[in-house]
Participant: 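Below is a structure I'd like to ask you about.
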Amino acid sequence: MKREDDEAFSMSTFVLIHGGSHGAWCWYKMIPRLESAGHRVLTLDLPGHGVDRTPLEGLTQHDYAAAVEAVLRTLEEPAVLVAHSMGGMTASLTAERCPEKIAAIVYLAAIVLNGGRSMMTDPDMARLFGELSSSLILDEQNAASIFPPELAIRCFYGDCDAADTALALRLLTPEPNSAMSTPIDVTAQRFGTVPRFGIQTLNDGLHPADLQQMMYKRNDFAEIVSLPTAHSPFLSAPDLLTEQLLYFADRARS
């Protein structure tokens, strides 16, 4: 329900950042829900994802962050970034580039690294990725990795219905290895000034809930909440996720 007639209501702009191998398509249930609450919603396909045809080889998280920054630069007011999974790395680098354009970041089942670490060099992420790597399909032409259907279902869509799972499996794209190996180095003077909130997915088949919580706590998140979902609540529990995003948008304005 829209709330423009509520004197206390203030519209937020949400910029939704998808995770690895996904695209803007994954937010299709979230857009109408957030808009019906009176907010503006922007999505984008990161380079090489969705309908974006940028060649995959050599793409890094810096390329992804530049694409998000370009969207933010079109806005008059700071936006709330919502970053899913590997999109957390993108959001952190975006905050380092343009903290003044970000009202807050909501990390959703997201990777949060610092200190020049990448998914390949952070001990916890490297161990997790090492366990998955033998099951990934190597796209040698594009120097990228592909989630086969069985692995994608187990990691991403454990509580999604058959229709959403089938849609997602048709739309997944390879993820450049260079994006996964990008070192993430951010500073207290820039990234550190942006309010950070975390949503922990308790039944996650990709990022264990305790790993999510550890990453959130060691990066001084203002608040962490939990959802009883697998890795993709934007598909399996959009109403619950909308409720949390609206709550964090209110907190970012307070």
Side-chain angles (χ1 to χ4, degrees), residues 14-35 41-61 63-64 67-68 71 81-91 107-111 119 128-129 131-180 199 201 203-207 227 229-242 245:
F14 290 91
V15 176
L16 310 182
I17 305 173
H18 65 77
S21 296
H22 285 66
W25 56 265
C26 73
W27 302 109
Y28 84 94
K29 291 184 178 180
M30 299 303 302
I31 295 168
R33 285 168 168 81
L34 292 170
E35 288 180 340
V41 186
L42 301 175
T43 63
L44 73 157
D45 288 319
L46 296 177
H49 296 71
V51 299
D52 185 277
R53 293 296 179 251
T54 304
L56 293 176
E57 186 173 7
L59 285 174
T60 72
Q61 289 290 334
D63 298 307
Y64 298 171
V68 178
V71 172
L81 299 188
V82 181
H84 178 241
S85 196
M86 202 168 79
M89 300 162 67
T90 306
Y107 291 84
L108 171 62
I111 299 172
M119 286 177 59
L128 178 64
F129 187 78
E131 294 171 356
L132 291 173
S133 59
S134 62
S135 300
L136 296 173
I137 299 171
L138 179 61
D139 178 357
E140 295 184 1
Q141 180 179 354
N142 294 303
S145 295
I146 300 171
F147 276 79
E150 298 81 4
L151 183 64
I153 292 170
R154 175 165 62 86
C155 290
F156 300 146
Y157 312 122
D159 58 353
C160 294
D161 65 28
D164 279 328
T165 299
L167 173 69
L169 292 178
R170 288 177 61 88
L171 296 175
L172 287 176
T173 55
E175 184 62 37
N177 298 327
S178 49
M180 294 185 279
I199 299 178
T201 44
N203 303 315
D204 201 300
L206 181 62
H207 300 152
L227 292 180
T229 70
H231 193 62
S232 303
F234 41 81
L235 296 177
S236 64
D239 291 330
L240 282 178
L241 180 56
T242 297
L245 295 184

Participant: Considering non-hydrogen atoms only, spot the tightest contact between D52 and P47 and give its length.
Facilitator: OD1-CA, 3.4 Å
Participant: Among L227, I199, T242, exactly one meets side chain to side chain contact (heavy atoms under 4.5 Å, CB included) together with P233. Which residue is that?
Facilitator: L227
Participant: Please confirm whether the backbone N or O of L59 pairs with a side-chain atom of S178, one donor and one acceptor, at under 3.5 Å?
Facilitator: yes
Participant: Is there a side-chain contact (heavy atoms from CB on, under 4.5 Å) between S145 and M180? Walk through the geometry before answering.
Facilitator: CA-CA 10 Å; S145 295; M180 294 185 279; 3.9 Å; yes
Participant: Determine, stepwise, if the pair L128 / E131 fulfils side-chain contact (heavy atoms from CB on, under 4.5 Å).
Facilitator: CA-CA 5 Å; L128 178 64; E131 294 171 356; 4.2 Å; yes
Participant: Evaluate the side-chain contact (heavy atoms from CB on, under 4.5 Å) criterion for residues N203 and D159: first the C-alpha distance (whole Å), next the side-chain angles of each, then the deciding distance (0.1 Å), finally the verdict.
Facilitator: CA-CA 9 Å; N203 303 315; D159 58 353; 5.9 Å; no
Participant: Can you tell me how the ring of H84 sits relative to the ring of W27, calling it parallel under 30°, perpendicular over 60° and tilted otherwise?
Facilitator: perpendicular
Participant: List the steps and the verdict of side-chain contact (heavy atoms from CB on, under 4.5 Å) for L245 and R33.
Facilitator: CA-CA 11 Å; L245 295 184; R33 285 168 168 81; over 6 Å; no
Participant: Shortest non-hydrogen contact from H231 to S85?
Facilitator: NE2-OG, 3.0 Å
Participant: How are the rings of Y64 and H49 set relative to one another: parallel (under 30°), tilted (30 to 60°) or perpendicular (over 60°)?
Facilitator: perpendicular
Participant: So if I apply the side chain to side chain contact (heavy atoms under 4.5 Å, CB included) rule between K29 and each of D239, D164, L241, which one comes out positive?
Facilitator: D164
Participant: Do T90 and Q61 have a side chain donor and acceptor closer than 3.5 Å?
Facilitator: yes
Participant: For the residue pair A83 and A110, what are the closest heavy atoms and their distance?
Facilitator: O-CB, 3.6 Å
Participant: Can any side-chain N or O of S232 pair as donor or acceptor with the backbone N or O of F156 at less than 3.5 Å?
Facilitator: yes
Participant: Per the side chain to side chain contact (heavy atoms under 4.5 Å, CB included) rule, which among L172, L169, I137 passes with P148?
Facilitator: I137
